[in-house]
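Remarks on the structure that follows.
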Amino acid sequence: ERTALEMAVESVNARGGVVGRPLELLVEDNLGDARAAVTSVSKLLRADRADLIFTAFTHITEAVVQETVRAGRPLLYHASASGPVGAGPL
């Protein structure tokens, strides 16, 4: 996901950003741990003043949703699913 986000930010900024404002991607490693994720999200929201939070793991999203709600910031969640190996797309 990180590479895709970096490419998206680069593409948006190449076209002038959002309403003339360039995007900046801030990344924190949640270590796959819900408690570490809450600490990271809290830092992104308070110290870094992030405008939105992106996550891709259900247990992480469940842990950080209240932090984003309290901060009044959007939370984007990327989910994916697949069937058994060889079964093809869902």
Side-chain angles (χ1 to χ4, degrees):
E1 289 96 11
R2 182 177 180 163
T3 301
L5 288 169
E6 288 168 345
M7 291 170 59
V9 166
E10 191 174 301
S11 176
V12 168
N13 287 342
R15 293 190 312 264
V18 176
V19 193
R21 183 177 162 201
L23 297 179
E24 179 184 2
L25 181 63
L26 304 172
V27 178
E28 289 284 329
D29 185 357
N30 61 39
L31 308 172
D33 177 74
R35 287 184 186 191
V38 170
T39 299
S40 294
V41 166
S42 180
K43 176 194 173 289
L44 287 167
L45 292 169
R46 291 180 179 83
D48 298 327
R49 301 181 51 123
D51 292 317
L52 67 92
I53 299 295
F54 174 88
T55 184
F57 301 102
T58 302
H59 73 288
I60 299 299
T61 303
E62 291 172 347
V64 302
V65 69
Q66 290 305 314
E67 288 293 316
T68 60
V69 168
R70 276 192 286 274
R73 298 295 198 300
L75 173 65
L76 300 179
Y77 170 61
H78 173 264
S80 62
S82 62
V85 174
L90 292 177

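Numbering of residues begins at 1 and proceeds along the displayed sequence. Small disclaimer: the values here were computed from a predicted structure and weren't measured.
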(request) State plainly whether one hydrophobic cluster holds both Val64 and Val69, where clusters connect Ile, Leu, Val, Met, Phe, Trp and Tyr through side-chain heavy atoms under 4.5 angstrom apart. (result) yes
(message) Grouping I, L, V, M, F, W and Y whenever their side-chain heavy atoms are under 4.5 Å apart, do Val27 and Leu52 come out in a common cluster?
(response) yes
(message) Would you say that Val41 contacts Glu28 through its side chain, given a criterion of any heavy-atom pair below 4.5 Å between the two side chains?
(response) no
(request) Indicate, with yes or no, if Val18 and Leu5 share a hydrophobic cluster defined by side-chain heavy-atom contacts under 4.5 Å among Ile, Leu, Val, Met, Phe, Trp and Tyr. (result) yes
(message) Check for me, please, whether Val65 and Leu45 land in the same ILVMFWY cluster - side-chain distances under 4.5 Å, paths through other members count.
(response) yes
(request) Could you grab the distance from atom CG of Asn30 to atom NE2 of His59, nearest 0.5 Å is fine? (result) 6.5 Å
(request) Nearest 0.5 Å please: distance from the CG atom of Leu26 over to the CD1 atom of Ile53. (result) 8.5 Å
(message) Go through it in stages, so that I can follow the logic: the residues are Arg35 and Thr39, the test is side-chain hydrogen bond (donor to acceptor under 3.5 Å, both in side chains), and I'd like the CA-CA distance, side-chain angles, deciding distance and then a yes or no.
(response) CA-CA 6 Å; Arg35 287 184 186 191; Thr39 299; over 6 Å; no
(request) Check whether more than 12 heavy atoms from other residues, nucleotides or ligands sit under 6.0 Å from atom CD of Glu10, and answer yes or no. (result) no
(message) How close do Leu25 and Val9 get, counting heavy atoms only, and between which atoms?
(response) CB-CG2, 4.2 Å
(message) Return the CZ to CZ distance between Arg49 and Arg73, rounded to the nearest 0.5 Å.
(response) 7.0 Å
(request) Quick one: pull up CZ in Phe54 and CZ in Arg2 and give me the separation to the nearest 0.5 Å. (result) 12.5 Å
(message) Any heavy-atom pair between the side chains of Asp51 and Arg21 that's under 4.5 Å?
(response) yes
(request) Check for a donor-acceptor pair, side chain of Asn13 on one end and backbone N or O of Leu23 on the other, with a separation under 3.5 Å. (result) yes
(request) Mark yes or no for whether Asp48, through its side chain, and Ala50, through its backbone, hold a donor-acceptor pair below 3.5 Å. (result) no
(message) Let me confirm one number: the OG1-CG distance from Thr68 to Leu76, rounded to the nearest 0.5 Å.
(response) 10.0 Å
